[in-house]
**Student:** 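Below is one structure. I have some questions about it.
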Amino acid sequence: TAPWWPEPCRPYTRFVGRQRELWQLHAMLLQDRLVAVTGHQKAAMAQLLGLGGVGKSSLAIEYATLFEAAWPGGIFYLNLADGRSQEQREAEIARCMGLAGNTDPEQAAALRRHLKGCNEPYLWLLDGVPAEFSAAQVQHCCAPGGAGRTLLTTRSRAWKSLGSHLNLDVLPPEDALQLLLRSEEH
């Protein structure tokens, strides 16, 4: 199993449906694995777009859980809706990994250096990217290094040109009913 940083996310026990979307995400994240004639890799980005509460975060975590074998370099979960800076989030991961540094900037830089040298594919999961971010801010938050793939969840459609995107809608009626029935069980 792949290591999760800073800690494993718990899959949602009530997750239902979305099998097609799980495979679409996987294909989007791996579409550039074949290195072109130049021999250079470009980090892929897949965006889960949709209204609040439609299940973007749960789908992203379910994907990471089910497909973690595809990411031997690790799964890095960064919650962008928690009020902390990107540097603070990266520093927390660096501390959990035991990377050198005494301050948040030093630790964040150590993590980025580590990942730029990583040869194993890893997943960089950015959950809740704020709609007010510019395209440059989104790009700055993406996975460092060619082995990383970025999966982000957001309500914004402003950065569709930055990578592949999957529009998430409400569950089909049969899956919604199954979710409601599972809710009653818990």
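Just so it is clear, the structure is predicted and the values come from calculations on it, not from any experiment. Only heavy atoms go into these numbers, but all of them, side chains included; no hydrogens, no water, no symmetry mates. Along the sequence shown, residues carry numbers from 1.
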**Student:** Could you name each residue pair satisfying salt bridge (charged side-chain N to carboxylate O under 4.0 Å, His left out) that touches residues 107-123, not counting sequence neighbours?
**Tutor:**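 Passing the test, one end in residues 107-123: E90-R112.
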**Student:** Counting only N and O atoms by type, is there a donor-acceptor contact under 3.5 Å from the side chain of Q107 to the main-chain atoms of G101?
**Tutor:**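 Yes, because the side chain of Q107 sits within donor-acceptor range (under 3.5 Å) of the backbone of G101.
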**Student:** List the atom of A100, the atom of A110, and the distance in Å for their closest heavy-atom pair.
**Tutor:**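 Looks like O-CB, 3.3 Å.
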**Student:** To check you understand the geometry: which heavy-atom pair defines the closest contact between P3 and P72, and what is its length?
**Tutor:**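 Closest approach of P3 to P72: CD-O, 3.9 Å.
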**Student:** Who pairs with N79 by side chain to side chain donor-acceptor pair (under 3.5 Å), at least two apart in sequence or on another chain?
**Tutor:**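 If we apply the side chain to side chain donor-acceptor pair (under 3.5 Å) test to N79, skipping adjacent residues, there are no hits.
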**Student:** With heavy-atom distances below 4.5 Å as the criterion, would you say the side chains of F76 and L123 are in contact?
**Tutor:**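 Counting from C-beta outward, F76 and L123 never come under 4.5 Å.
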**Student:** What pairs with N102 under side chain to side chain contact (heavy atoms under 4.5 Å, CB included), at least two apart in sequence or on another chain?
**Tutor:**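 For N102 the side chain to side chain contact (heavy atoms under 4.5 Å, CB included) partners, ignoring immediate neighbours, are E106.
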**Student:** What is the minimum heavy-atom distance between A94 and L111, and which atoms define it?
**Tutor:**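 Closest approach of A94 to L111, heavy atoms only: CB-CB, 4.1 Å.
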**Student:** Taking D82 first and then R89, would you say they form a salt bridge - that is, a charged N and a carboxylate O separated by under 4.0 Å?
**Tutor:**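 Yes.
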**Student:** Which residues pass the side chain to side chain contact (heavy atoms under 4.5 Å, CB included) test with H165, not counting sequence neighbours?
**Tutor:**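 For H165 the side chain to side chain contact (heavy atoms under 4.5 Å, CB included) partners, ignoring immediate neighbours, are Q47, L49, K160, N167.
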**Student:** Please list all pairs meeting salt bridge (charged side-chain N to carboxylate O under 4.0 Å, His left out) that have one or both residues in residues 44-55, counting only residues at least two apart or in different chains.
**Tutor:**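 The answer is none; no pair qualifies.
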**Student:** Show me the donor-acceptor pairs within less than 3.5 Å that the side chains of residues 22-29 make with the rest of the protein, sequence neighbours left out.
**Tutor:**
| residue | atom | partner | partner atom | Å |
| --- | --- | --- | --- | --- |
| H26 | ND1 | Y63 | OH | 2.7 |

**Student:** For L125 versus A60, what's the shortest heavy-atom pair and its separation?
**Tutor:**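 Closest approach of L125 to A60: CD1-O, 3.8 Å.
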**Student:** Just by modelled atom types, is the G128 backbone N or O under 3.5 Å from a matching donor or acceptor in the T153 side chain?
**Tutor:**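 Yes, the answer is positive, given that a donor and an acceptor are paired below the 3.5 Å cut-off.
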**Student:** Please report the closest heavy-atom contact between G73 and C118, naming both atoms and the distance.
**Tutor:**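 Looking at all heavy atoms of both residues, the shortest contact is CA-SG, 4.4 Å.
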**Student:** Please identify each residue that fulfils salt bridge (Lys or Arg N to Asp or Glu O under 4.0 Å) with R155, with sequence neighbours left out.
**Tutor:**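 Counting only residues at least two positions away or on another chain, R155 forms no salt bridge (Lys or Arg N to Asp or Glu O under 4.0 Å).
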**Student:** Applying side chain to side chain donor-acceptor pair (under 3.5 Å), name anything that partners W4, two or more places apart in sequence or on another chain.
**Tutor:**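 Scan of W4 (side chain to side chain donor-acceptor pair (under 3.5 Å), adjacent residues dropped) gives E68.
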**Student:** Can you list the residues that meet the side chain to side chain contact (heavy atoms under 4.5 Å, CB included) rule with S156, with sequence neighbours excluded?
**Tutor:**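 Side chain to side chain contact (heavy atoms under 4.5 Å, CB included) list for S156, sorted by chain: A131, T154, A158, W159.
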**Student:** For the residue pair A70 and P121, what are the closest heavy atoms and their distance?
**Tutor:**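 Closest approach of A70 to P121: O-CB, 3.8 Å.
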**Student:** Would D104 and R84 pass as an ion pair if we require N to O under 4.0 Å?
**Tutor:**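 No, this pair does not count.
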**Student:** Check side chain to side chain donor-acceptor pair (under 3.5 Å) between N119 and all other residues, then give those that pass, not counting sequence neighbours.
**Tutor:**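 Scan of N119 (side chain to side chain donor-acceptor pair (under 3.5 Å), adjacent residues dropped) gives none.
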**Student:** Could you tell me which residues satisfy side chain to side chain contact (heavy atoms under 4.5 Å, CB included) with C141, sequence neighbours excluded, listed by chain and number?
**Tutor:**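 So C141 forms a side chain to side chain contact (heavy atoms under 4.5 Å, CB included) with L80, Q86, L126, F133.
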**Student:** Using salt bridge (Lys or Arg N to Asp or Glu O under 4.0 Å) as the criterion, list what pairs up with E21, not counting sequence neighbours.
**Tutor:**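 Applying salt bridge (Lys or Arg N to Asp or Glu O under 4.0 Å) to E21 gives R18.
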